[in-house]
Amino acid sequence: MINQRQLSWLASSVITSGGILTLQNVLIRVSQMDAWYSYLPSIFYVFGVASFFGYITKHYPQKHIFEISQELLGRFGGAIVNLIMLFHFWQIVMRDISSVSRFSTTLLLHNTPLEILTLLPCLLLIYFGKSSVEVIARVNDLFYPLFVITILSMPLLLSNEYYFQLVTPAMTMPVQHVAASSLLTIGSAGDIFILGAFLHMMSNPNQVRASIRHGSLLGIFLLTIAIFSVLVVLGPRMPGNFLYPVYNLVQMIHVTDFLDRVDLIILMIWYPTVACKMIAIYMALLIGISAILDKRNYPTINKPVALFMVMATLLSFKNTTDLLAFSNYSAPVFALAYQPLVMAILLIAVARKKRKTGNQTVAQDSSFDGQSSSGVKASQKIGKLSQKLSYKHWLWGGNALILLATLCLMVGLMFSKYHPGIGTVCAIIFAICMLLTSLTTYMEVSQLKQLEAGK
C-alpha cells in the first residue's frame, strides 16, 4: 500500500522529471515571452485523468487499470487495450533512459561511452524491479522534496539576474503560437497515465483523485516557475537555441565568488528524482506485462525486460537531436491518440455494467458519501479557518481558479495587443491563480487525511 502523500509525490515527479530536461527550448522557440502560460491546458487534461482514475477506483477497488480493462472488456478486448498502454509506457521508459544518458554525455561525461551511460540506468531498473512500488515511493519521498526546494529557491538565488522587462509586453504572441506550445505540454502531462498501474494500492477514490490532482498541479507549477525564470534571466530568444535551457539557467547561479558551481549540487538532487520517475514507469510496465501473462509475480520478468530496454534504447536514437525531436513532438501524439479513447471505452463499459448489476453500487456510493459528510462535520469542529471548508469546497474552488486563469489568458491574448496594461494585469492574476490552485489541491489532500483519521 502507498499513502496519499506518496502518490502525490509520484504524480508530481512524473510530471516534472521529464519536462525539466526537454521541451523547454521548443516552448520558448514557439511562444517566446508567453511560453510560461503553455502548461495551462495540461492542467485540464490531468484533472480529467485524475477524475477518471477516481471513478474507476470507486467501482473496482483493489485493482489496477490493466485488471479493470480485462474485467470490463474481456480477455481479448482487455489485452488489446493493455498492449496499447504498454507500448506507450515502453516508449516513455526508453525515452527517459536515453534522455538521462545523452544529457550526461553532452554536458558532463564527454569521454564516457554512451553504451555505459545507458547500461547504468538499466542496472538501476533491475535492482528496483525486484521490489515493489512501495520502495520507490519511499525513495521518492526522500528526494522529491529536495527537488521542490531547488526549484522554489531559484527566484531567490537568481534575484540579481531577473529582468522582468524580458517578459513584457505580456500575452502579445499570436493565439496559434500559444495554442501550439500548449498542445506540446499535454505530452508530458500524458505520462500521468502510468499511475493507473498503481490504483490497486489505494482504495479510496477521493484520495486517488485528490492525490493525483495535487501532485500533478504541483509539478506543473514548478515547471511554470522554471520556464518563467529562464525567460526573465536569459530572455525569450536565446534559450530557444539551447538544448537544456533549465540547466543553463542553473549555471547562472553564483553564491559569492567561491561557490559558483551550484549546478553540480542541484544535479545531485535532480538525477535521483528523474531516476525515481523512470523506475516508477518501468514498474508500471512490469505490472502490465504480468497482467497480460496472468502472473502476479512480476520480478520474474524483471531482468529480461530491463535488458530489452537497453537494446531498444541504444538502437532507437542516432543522436541527441533525434531524441529531443522524438521527446518533444511525439509525446502529445502518443497521449492523445489513445488515452481519451481508452478512458471513453472504459467509462462506457462501467456504465453498461452498472446498468446490468442494478443499484448495488449506488447504495455503496451513498453510504460512502454519508461517511464522508459525517467526517467533514467532525473536521469542521476544528477551529482553524482552513478547516471550515469541506473537501468539495476546496475541490470546486480549485476548479474555479483554473477557469479564472483560463479566462485571464483568453482576455489577455485578445486585448493586450491594443492595451499592454491588460496583458500585465492578466499575467499577474494568472500567476496568483496557479499559486492558489496549488494550495487548494493541497487542502483537498489534507481534508481527506482528516476524514480518514476521524473514522
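All values below were derived from every heavy atom in this structure, side-chain atoms included, with hydrogens, water molecules and symmetry-related copies excluded.
Counting only distance, with no hydrogens or angles, the side chain of Q24 and the backbone of V246 share no donor-acceptor pair below 3.5 Å. Proximity of a side-chain donor or acceptor of T105 to a complementary backbone N or O of S101 within less than 3.5 Å is not detected. At distances below 3.5 Å, not a single donor-acceptor pair connects side-chain atoms of N25 with backbone N or O atoms of P239. Checked by atom type and distance alone, the side chain of S98 never pairs as donor or acceptor with a backbone atom of M94 at under 3.5 Å. In this structure, D96 contributes its side chain and V274 its backbone to no donor-acceptor pair below 3.5 Å. Between the S12 side chain and the G215 main chain, a donor and an acceptor come within less than 3.5 Å of each other. Checking side-chain atoms of T118 against main-chain N and O of L314 turns up no donor-acceptor pair under 3.5 Å. Using a distance-only test at 3.5 Å, with no hydrogens or angles considered, no donor-acceptor pair links the side chain of E71 to the main chain of I68. Looking only at distances, no side-chain donor or acceptor of H64 sits under 3.5 Å from a matching main-chain atom of F198. When atom types are taken as modelled, the side chain of Y282 and the backbone of N302 share a donor-acceptor pair closer than 3.5 angstrom.
Applying the side chain to side chain donor-acceptor pair (under 3.5 Å) test to every pair with at least one member in residues 320-333, sequence neighbours left out, gives no pairs at all. Pairs of residues two or more places apart, or lying in two chains, never qualify as side chain to side chain donor-acceptor pair (under 3.5 Å) while including a residue from residues 120-134. Residue pairs meeting the side chain to side chain donor-acceptor pair (under 3.5 Å) criterion with at least one member in residues 398-411, sequence neighbours excluded, are R213-N399.
R237 pairs by the salt bridge (charged side-chain N to carboxylate O under 4.0 Å, His left out) definition with nothing, not counting sequence neighbours. Every residue was checked against the salt bridge (charged side-chain N to carboxylate O under 4.0 Å, His left out) condition with E115, not counting sequence neighbours, and none meets it. For Y244, there are no side-chain hydrogen bond (donor to acceptor under 3.5 Å, both in side chains) partners at least two apart in sequence or on another chain.
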Could you walk me through whether L166 and M33 pass side-chain contact (heavy atoms from CB on, under 4.5 Å), step by step? CA-CA 7 Å; L166 292 173; M33 75 281 290; over 6 Å; no
Would F44 and L403 count as a side-chain contact (heavy atoms from CB on, under 4.5 Å) here? Give the steps. CA-CA 9 Å; F44 289 95; L403 291 176; 3.9 Å; yes
Please walk me through it: do I43 and Y39 pass side-chain contact (heavy atoms from CB on, under 4.5 Å)? CA-CA 7 Å; I43 296 177; Y39 287 98; 5.7 Å; no
Between D191 and R95, is a side-chain contact (heavy atoms from CB on, under 4.5 Å) present by the stated rule, with each step listed? CA-CA 12 Å; D191 294 354; R95 179 197 70 196; 2.8 Å; yes
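Judged purely by distance below 3.5 Å, without hydrogens or angles, the side chains of Y162 and S229 pair a donor atom with an acceptor atom. Side-chain polar atoms of T16 and Y144 form a donor-acceptor pair below 3.5 angstrom. For the 3.5 Å distance criterion, the side chains of S104 and Y271 qualify, holding a donor opposite an acceptor.
L341 places none of its side-chain heavy atoms less than 4.5 Å from the side chain of I84. No side-chain heavy atom of L346 sits under 4.5 Å from any side-chain heavy atom of Y55. Within the 4.5 Å cutoff, side-chain heavy atoms of L409 are placed close to those of L413. At least one side-chain heavy atom of W90 sits under 4.5 Å from a side-chain heavy atom of F308. When side chains are defined from C-beta on, I402 counts as touching F47, because their heavy atoms get closer than 4.5 Å. The shortest distance between side-chain heavy atoms of L336 and L183 falls below 4.5 Å.
Among F221, F228, W36, the one residue that satisfies the ring-ring contact (aromatic ring centres under 6.0 Å, His included) test with F430 is W36.
Between F89 and F66, the ring planes are perpendicular. Angles over 60° get that label, and only those under 30° would be called parallel. Ring geometry for F334 versus F87: interplanar angle of 30 to 60°, hence tilted.
With a 6.0 Å radius and a threshold of 12 heavy atoms from other residues, nucleotides or ligands, M410 has its CE atom at or below the threshold. Atom OH of Y442 has 12 or fewer heavy atoms from other residues, nucleotides or ligands within 6.0 Å.
Two rings, from Y338 and H88, have their centers less than 6.0 Å apart.
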